[in-house]
Amino acid sequence: MKLSELKTGEKGIIVKVMGHGGFRKRIIEMGFVKGKDVEVLLNAPLQDPVKYKLMGYEVSLRHQEADMIEVVRDSGELPADAASTAVLEPLVGHDDYLQHLARREGRSINVALVGNPNCGKTSLFNYASGAHGHVGNYSGVTVDASEAHATYFGYDFSLTDLPGTYSLSCYSPEELYVREHLTEKLPDVVINVIDATNLERNLYLTTQLVDMNIRMVCALNFYDEFERRGDHVDTGTLSRLFGMPMVATSFKSGRGVKELFKTVIQVYEGTSKQTRHLHINYGHEIENGIAHIQRYLKADEHITQHYSTRYLALKLLEHDSHVLDYLGNHLAGEQRISDFHKLTTERDEASARVKEETGNDSETAIMDAKYGFINGALREAGYKTGTKEDTYRTTHLIDGVLSDKYLGFPIFFLMLYVMFETTFSLGQYPMDWIEQAVAWVGGRLSATMPDGPLKAMLIDGVVGGVGSVIVFLPQILILYFFISVMEDSGYMARAAFIMDKLMHKMGLHGKSFIPLIMGFGCNVPAVMATRTIESRRSKLITMMILPFMSCSARLPIYIMIAGTFFSLQYRSWVMLSLYAAGILTAVVVSKVFSALVIKGDDTPFVMELPPYRWPTAKAIWRHTWEKGKEYLKKMGGIILVASIIVWALGYFPHDDSLSREQQQEQSYIGRMGKAVEPVFALQGFNWKLDVSLLAGVGAKEIVASTIGVLYSGDDSFADDEDFSDDTEKYTHLRQTMMQEGITPLAAYAYLIFILLYFPCIATVVAIKNETGSWRWALFAAAYTTAVAWVVSAAIYQIGGLF
Ligand code: GDP
Ligand code: MG
């Protein structure tokens, strides 16, 4: 009987909790666990909620919720037939008897058979139950649901043979029938029967069941045929990726049936290791739409109890008229018509954005994502087939080349090369223009304003600081343009796919690769891009090693120092060695972290392989801009403030009679630099370099401008950000630095320190926002600085021996 049927004062024992995963989880977390005693404290008719006593606590539930909990009633006395029941022998008291009853009740499992037409549902139904339902090799044979019983391993199964469907949309009576059965009758476990000789199409229905968040076992049927054709798939991997157990079966011979029912029991009892709730990733816009729609759905108890809100949101986005009607009626009944309007508005907005970006309606986008998921999972599970008609032929053909075991890597690295080459060479032109514009603004200010602190602040602080950053905007945008094209066309998914194995060796996941590449542009949007990584562990490690990806803000200081200390033929090698050192450090650190610091099991997830498509201009522009915007935000905020602070520390206390250099030395920043000098004694830095490192905490761009200010006798050097091959300038800089005892080795150690230490403040804040706590952000800041200190000291000390 149902818990809701127990009257005030009555007691019972819980047998099972029905409903979809989210609901069941919530109820179970409240303490309504199988086998527990429950007592009704107050159950007044027509009054919600009902009060229960459970494990010594008082809990209240709504009637509707109590309807989904099955119990056996404790009537206070042993029933007449109790003694005569053979199984009672070992039992003694009244309580034992009730527990026994609850167990026996709990051992009856309602199972629904769901699958495509002709996948073998009725064969299983007949085989298991000994019934003689009509088996036929044409669709539409099963017009209605038939029921039968079967017994395996001491459990009683009540089987429902549902009509065959290809999908769970609302286009045919069969589809609606199956859907209704799943949400109204609430079977304990669904057996999803699959025709293994047609995996891709059959798994499509599976992905829809996954969205409904119900307990499932998958029967890979026609396995005899599958093997005969020489097809292959790693069932274990496929199970892991789909988050549900899969059993190879052949219902013609009865192969695997026992195993199947054993697995059903495990899923029912919650002991199956492969069962895991899974969210298929539908891409940014759809996921956003889902989240917005869910907000309204979650506010309604009736809805959350009967449906997974994610499923309903998806159905709305698929423009499912049935779900729309249901919500329309339900919310109208609850007088929440305005909510219903908001829901449909959210849906239309999301659909419009999807349309803009992909040229498809959201239904197609969702379908594509599902096939992308299936495609990726099958690929990872090593699926091979001899003969099969192919619905995504073009995609598979392109994939045959682009994600080929051998061709994939060279093609990918070629693409990266083209990307970086274009970024830096093409980016040079707008960079020069911006530079000239900044210089012009500085020049105008310097010509028109009266001398004094305000002028100095505007020119050296604001224009100098912000100008040195805005100069990189074109390069950043070009880089992000390439990344957006790769993402939108579907190629990035392949890149992530082929990098997956390599990344696994680092304790990461293929999906970490995209943020890492983005890190070469700017770490801030890269940190935000880790959002696509489902596993929290991989996400954390990725964020922790991201700062080692040398962002473009560090470029000017590399160019400056390499230009100063190394002759032309070595410069590129110095630069290259820096990038390589960053990547190497990332690899080592990530290995250490995944082994020691950031533990936790890594849930497997599918690398989706969506169909290829031509990206739309609008979508590319939007995605490029979204990423570039973060860079600009950084400039308006943190960099502006930091530049002014650095300027002020260098300007005050001010003494006009001193030369610029002497002024720097006696200023606050000069004193700070002198104070920290001992800390960097092992690295061979002097106080000026130390000062630049302190300034770089705000933003790496400030390092170069600080060096410029500290080493220039006059203003022109600091204001002019053009550090390209200007030999005279470099000679001057080298002479001064050499006089102060900076050796090329120390200079190199300095570059390494800059590469590795403290990610800028904006990145630290981004890490805090993504992880939700300061803990990881501060940790990232501290440990990278420690690594930088050790490595640069080692370089200077060990290098000094030669
Ligand atoms: P339903 O539409 O899902 O109920 O499928 P049926 O149970 O009616 O099966 C359709 C056809 O496939 C029948 O001719 C079955 O005998 C056959 N069949 C079912 N399972 C298997 C299997 O595992 N291997 C082979 N070779 N044939 C099967
Ligand atoms: Mg049938």
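Here, residue 1 is the first one in the sequence, and each next residue gets the next number. Worth saying up front: this structure is predicted, and the values here are computed from it rather than measured. Values below: all heavy atoms of this structure, side chains included; hydrogens, waters and symmetry mates excluded. Atoms within a ligand are numbered from 1 in the order they appear, just like the ligands themselves.
At least one N or O atom of Asn221 sits closer than 3.5 Å to an N or O atom of ligand 1. Checking only distances, Thr249 never comes within under 3.5 Å of ligand 1, N or O to N or O. At under 3.5 Å, not a single nitrogen or oxygen of Asp161, backbone or side chain, sits near a nitrogen or oxygen of ligand 1. Inclusion of Pro117 in the set of residues having an N or O under 3.5 Å from an N or O of ligand 1 is not warranted.
Around NE2 of His319, the count of heavy atoms belonging to other residues, nucleotides or ligands within 6.0 Å exceeds 12.
At a heavy-atom distance under 4.0 Å, only side-chain atoms of Asp224, from C-beta outward, approach ligand 1.
The six-membered or imidazole ring of Tyr204 lies away from that of Tyr166, with a centre-to-centre distance of 6.0 Å or more.
Both tests do not hold together for Arg229 against Phe222: distance to the six-membered ring centre under 6.0 Å, angle to the ring axis within 45°.
Taking backbone and side chain together, Asn118 holds no N, O or S atom under 2.8 Å from the Mg ion (ligand 2).
Residue Cys119 places a heavy atom less than 4.0 Å from ligand 1.
Ring-plane geometry between Tyr152 and Phe261 is classed as parallel, the angle between the planes falling under 30 degrees on a 0 to 90 degree scale with a further cut at 60.
Within the 3.5 Å criterion, the main-chain N or O of Tyr307 finds a donor-acceptor partner in the side chain of His20.
Counting only N and O atoms by type, the side chains of Ser308 and Asn213 include no donor and acceptor under 3.5 Å apart.
Residue Ser250 approaches ligand 1 through these ligand atoms, each under 4.0 Å from one of its heavy atoms: 22 (C), 23 (O), 24 (N).
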